[in-house]
Amino acid sequence: MLVPVLGDQLSLDLAALRGCDPAQTVVLIAEVRAEATYVRHHKKKIAFLFSAMRHHVDALRAAGWAVDHVRFDDPSNTHTLSGEVARAAGRHRATAIRTVEAGEWRVLAMQAAWGRETGLPCEILSDDRFLCSRDEFADWAQGRKGLTMEYFYREMRTRHRVLMDFAKPVGGQWNYDKDNRKTPPRGLNYPLPPRFEPDPVTREVLALVAREFATHFGALDPFWFAVTREGALQALGHFIEVALPRFGDYQDAMIVGQEFLYHAVISPYLNSGLLAAREVIAAAEAAYQTGDAPLNAVEGFVRQILGWREYVRGIYFHEGPEYHSRNALNATRPLPAFYWTGVTDMRCMAESIGQTEREAYAHHIQRLMVLGNFAMLAGCDPQEVSDWYLVVFADAYEWVEDPNVIGMSQYADGGIMGSKPYAGGGNYIDKMSDYCGRCRYDVKKRTGEGACPFNALYWDFLARNEGKLRGNMRLRNMYSTWDRMSEVARTETRAQATATLAALEPAAPGWARDSATAGADRA
Ligand code: FAD
Ligand code: DLZ
Ligand code: SF4
């Protein structure tokens, strides 16, 4: 039996391994150029994954599995997943292939062809590391008018008995967000996620990535991610003990120089398989039960994993491969160059892009209300925006990135993920951050010299998309405010936005995808 294990399937308890006889099985792990370059991933993301894959080879061998590990610099490496599966099938005289479904339509299509390409039976198993299978999500979605996350989440809580008091939610409410999202007081001490010194395996990978992917976006230094399950468990334990109790309070805050606040910074570990969603949820629930973390924090955190994470994966597969191409607002502007360089006078953008370049990480509100918000207000092509997110974050895989970008952030799915666009002017950013006080623009100004670009762009976005958005009840107040502005104010606002948009320099092609093959390898 040949069991190909993908780079984001680094779990010893993988469905494809369960029930296999170690004496009759070869596990294949292949480091291939095609997966590192189908989009030109952040250097740190490639280094994290290659090092985690190498450590997982050791973990599998220690657990008794025979592993065929194709290293990146193996001269006979074909540098594609399918090429390596075919070679390994021949090398080991395999009689069958067993694998777990990939988290991306593009790779699923490859897996579907492995049987035909090798002439062997190929079984593709459901990825039961997720708590909601594709079929279960389809059943839940069947016949519903809207696919609201909150109802999905309640069903998941009930089905998996998480934070439940028999049939009722613990504490009597499903959601404690009203107790969350406070403005942080000045000078609060934030705990940093634990930093792991690169070991010799990681150092070798860092040298490889510096050599082979020198032109990709992002810094390799500092590299402090955990690359083993033990390290990832340590990071989880640290979060539960030190940061979870205040997770909810300052979830939406953005502070210069504080990149992680009380966030968990575990998404690269969860999404690569080093951590399991079930154990993360159980650890958070246990902290509530022992009185080490309050309910508002634990419920808020559980909602992210049992709710949002499972829900976006459900949406990705339920909506099909063409979901990626949706463009409900017909947005066509090329992504501005500063998304890749970080060079902009907008302090909020420069800070969020700068930390992404350094750490391959930005927290949710930076991704949604700064980086995504600007792209949507400016009318950027959602597919270009999606490519950017897939490249720059260490936790980005298409099943999770695409719905968050196409749906939640860009409203390009026309309202499947959210009942209104997550659009905001400078006010929201000012309320939740200390960026504006340090910015050359004046957040209180809508027009004129030095006005915050988000302000005019916000109104221009509403005016530009009036035909599609005016009927949305949740935007009624905003359109009323726009209507009440004087004709002169409206004209000046739109002229200000037009000037801002005209000054945006488009990114040169080739940052996200090799320009020669751009678009060719999407499903
Ligand atoms: P915390 O804030 O501490 O949350 C805990 C965990 O909850 C995360 O680790 C993650 O596993 C889960 N989670 C929270 N929100 C979401 C969500 N909306 N979707 C899925 N899981 C969620 N997350 C990714 O893992 N990969 C992506 O490529 C990704 N792209 C995003 C793009 C946009 C435009 C937006 C708005 C969000 C995106 N997210 C993505 C969701 C979220 O921003 C990250 O999961 C989170 O910032 C990871 O950091 P953390 O571990 O510190 O999370
Ligand atoms: C992201 C990634 C990278 C950079 N490299 C590899 C690799 O060399 N080998 C591999 O098996 N997987 C890699 N991956 C992860 C795959 O692209 C991933 O399985 C798909 O994105 C599907 O989620
Ligand atoms: Fe961003 Fe505007 Fe605030 Fe500057 S003033 S940081 S551009 S929101």
Side-chain angles (χ1 to χ4, degrees), residues 4-9 28-39 41 45-46 48-50 53 70 72 79 81 84 102-104 106-108 149 193 239 243-244 247 251 260-272 275 277 280 300-305 307-313 344-351 361-372 374-375 385-386 389-390 392-405 408-410 422 424-430 433 435-445 451-455:
V5 168
L6 302 176
D8 55 356
Q9 299 180 343
L28 173 69
I29 293 200
E31 301 166 7
V32 296
R33 188 178 291 279
E35 292 307 308
T37 56
Y38 72 98
V39 290
H41 293 295
K45 176 179 183 182
I46 302 174
F48 162 68
L49 213 61
F50 279 12
M53 286 163 76
V70 181
F72 193 84
H79 282 293
L81 288 174
E84 287 316 294
E104 186 178 339
R106 178 186 62 90
V107 185
L108 269 176
M149 199 299 285
F239 165 71
L244 176 64
F247 173 80
Q251 216 174 319
F260 309 105
L261 304 165
Y262 291 97
H263 289 276
V265 200
I266 55 167
S267 46
Y269 311 142
L270 268 168
N271 296 352
S272 58
L275 288 180
V280 174
F301 181 70
V302 163
R303 178 152 25 95
Q304 307 309 312
I305 310 226
W308 281 109
R309 186 169 185 272
E310 297 288 332
Y311 171 79
V312 298
R313 178 174 183 269
T344 164
D345 285 344
M346 289 181 281
R347 187 71 191 244
C348 53
M349 295 296 285
E351 288 292 333
Y361 177 88
H363 72 64
H364 189 72
I365 292 301
Q366 293 172 307
R367 296 189 205 199
L368 187 64
M369 295 312 292
V370 177
L371 300 163
F374 186 88
V385 181
S386 172
Y389 277 88
L390 190 55
V392 302
F393 293 114
D395 57 22
Y397 299 89
E398 214 179 86
W399 65 266
V400 54
E401 170 274 321
D402 230 21
N404 271 303
V405 176
M408 190 189 307
S409 156
Q410 300 300 295
Y422 276 101
N427 251 349
Y428 176 85
I429 295 172
D430 192 28
S433 80
Y435 294 149
C436 302
R438 300 156 186 250
C439 184
R440 117 160 159 71
Y441 295 109
D442 182 348
V443 72
K444 303 277 179 246
K445 278 178 82 175
C452 166
F454 279 81
N455 292 337

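For ligands, and for the atoms within them, numbers begin at 1 and follow the listed sequence. Keep in mind the model is a prediction, meaning the values are calculated, not measured.
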Does any N, O or S atom of C348, backbone or side chain, fall under 2.8 Å from atom 1 (Fe) of ligand 3?
yes

Taking only non-hydrogen atoms of E401 and a 4.0 Å limit, the atoms of ligand 1 in range are 28 (O)

Under the criterion ring pair (Phe, Tyr, Trp, His ring centres under 6.0 Å), I'd like the reasoning laid out for Y428 against F454: C-alpha separation, chi angles, the key distance, then a yes or no.
CA-CA 10 Å; Y428 176 85; F454 279 81; over 10 Å; no

Quick look: L390 vs ligand 1, heavy-atom contacts under 4.0 Å, and the answer is neither

Does Y389 approach ligand 1 within less than 4.0 angstrom via side chain, backbone, both or neither, non-hydrogen atoms only?
side chain

Non-hydrogen atoms of [X] versus ligand 1: any pair closer than 4.0 Å?
X    : result
F301 : yes
A277 : no
Y361 : yes
F260 : no

Test of proximity, [X] against ligand 1: N or O pairs below 3.5 Å:
X    : answer
S409 : no
V400 : no
L270 : no
V405 : no
H263 : yes
Y397 : no

Distance to 0.1 Å, residue and atom name: give those for the protein heavy atom nearest to [atom].
atom                    : value
atom 17 (O) of ligand 2 : E35 OE1, 2.6 Å
atom 2 (Fe) of ligand 3 : C452 SG, 2.3 Å
atom 10 (C) of ligand 2 : G7 N, 3.3 Å
atom 3 (Fe) of ligand 3 : C436 SG, 2.3 Å
atom 4 (Fe) of ligand 3 : C439 SG, 2.4 Å

Please list, in number order, the atoms of ligand 2 under 4.0 Å from a heavy atom of [X].
X    : value
E104 : 20 (C), 21 (O), 22 (C)
E31  : 8 (O)
L49  : 1 (C), 2 (C), 3 (C), 14 (N), 15 (C)

Any donor and acceptor pair, going by atom type alone, linking the side chain of H263 with main-chain N or O of Q251 inside 3.5 Å?
yes

Are Q410 and Y389 close enough, and set up right, to give a side chain to side chain donor-acceptor pair (under 3.5 Å), and what steps lead you there?
CA-CA 12 Å; Q410 300 300 295; Y389 277 88; 5.5 Å; no

